[in-house]
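One structure below.
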Amino acid sequence: MNLSCDKSLELARDAFMFGFYAQGMEFIDVANLRTDNLKDNVLTYRRRLKGKVRNVVLGNRALAIISKFPILQRKRSYAYSTVKVEIAASLKKIGQMLNLLHSLTFSMNIYSWQSIIRKTNITELFIS
């Protein structure tokens with residue numbers, strides 16, 4: 001979906017898709033990323049909610065998002081609670097533009113990733 005005419009919608013879409021490409025990464029973890037979390041194409045971070053360290057090999061699509069991701073690049077000061085509300089509102093608007101039956105939420109990337117893993121029988125060993 002081309003959202004280049006609206007930067008807030010574009011950011012929401014990119015954050016959502018990055019979370020999916022990063023194996024169902026939660027928004028709080030996306031928001032807390034720093035450039036030192038990335039070495040080549042391996043993202044290493046500690047999950048805020050569970051404290052577990054995760055290593056995720058990122059593909060080209062995720063790396064393309066990182067290259068323009070303002071949260072990671074720290075191009076401006078962000079307050080997590082403000083950005084969370086802005087992302088949620090933008091995702092809701094994107095969902096409406098797509099005529100989805102349910103509101104689009106950030107956690108849907110997590111559930112989508114988990115659903116794909118279950119349906120394809122990829123073992124937990126694959127996910128670090």
- Item | Option from V56, L43, I110 for which side chain to side chain contact (heavy atoms under 4.5 Å, CB included) with M25 holds |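 Between M25 and the candidates, side chain to side chain contact (heavy atoms under 4.5 Å, CB included) is satisfied uniquely by L43.
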- Query: For atom CG of D36, is the number of surrounding heavy atoms from other residues, nucleotides or ligands below 6.0 Å larger than 12?
  - Reply: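 Yes.
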Just how far is it from atom [atom1] of [X] to atom [atom2] of [Y], taken to the nearest 0.5 Å?
| X | Y | atom1 | atom2 | answer |
| --- | --- | --- | --- | --- |
| Q23 | I116 | CD | CD1 | 11.5 Å |
| K93 | L104 | NZ | CG | 14.0 Å |
| F27 | I87 | CZ | CD1 | 4.5 Å |

Does a side-chain heavy-atom distance below 4.5 Å link [X] with [Y]?
| X | Y | answer |
| --- | --- | --- |
| Y21 | N109 | no |
| L63 | L38 | yes |
| L58 | V42 | no |
| M1 | M97 | yes |
| F106 | L91 | yes |

Distance-only check: which donor-acceptor pairs under 3.5 Å involve side-chain atoms of residues 4-12, not counting sequence neighbours?
unit_1 : atom_1 : unit_2 : atom_2 : d
S4     : OG     : N2     : OD1    : 2.8
D6     : OD1    : S8     : N      : 3.1
D6     : OD1    : S8     : OG     : 2.7
D6     : OD1    : L9     : N      : 3.3
K7     : NZ     : E10    : OE1    : 3.3

- Connected via hydrophobic side-chain network under 4.5 Å: M17 and L100: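 Yes.
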- Task: Say whether I28 and F16 are linked into one hydrophobic cluster, either directly or through other cluster members, by side-chain heavy-atom distances under 4.5 angstrom.
- Result: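 Yes, same cluster.
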- Query: If we ignore angles and hydrogens, is there a donor and acceptor under 3.5 Å between the side chains of N37 and T44?
  - Reply: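 Distance-only check fails for N37 and T44.
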- Query: What pair of heavy atoms forms the shortest contact from D14 to K68, and how long is it?
  - Reply: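 Scanning both residues completely, I find the closest heavy atoms to be OD2-CE, 2.8 Å.
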- D29 (side chain) donor-acceptor with R48 (main chain) under 3.5 angstrom: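 The answer is yes, because a donor-acceptor pair under 3.5 Å joins these two groups.
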- Can you check whether M108's main-chain N or O pairs, donor with acceptor, with S112's side chain at less than 3.5 Å?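 Here the side-chain-to-backbone pair exists.
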- Apply the test side chain to side chain contact (heavy atoms under 4.5 Å, CB included) to residues Y45 and V53: give CA-CA distance (whole Å), side-chain angles for both, the deciding distance (0.1 Å), then the verdict. CA-CA 6 Å; Y45 69 99; V53 173; over 6 Å; no
- Residue list, salt bridge (charged side-chain N to carboxylate O under 4.0 Å, His left out) with E26, at least two apart or on another chain: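 Here the qualifying residues are R47.
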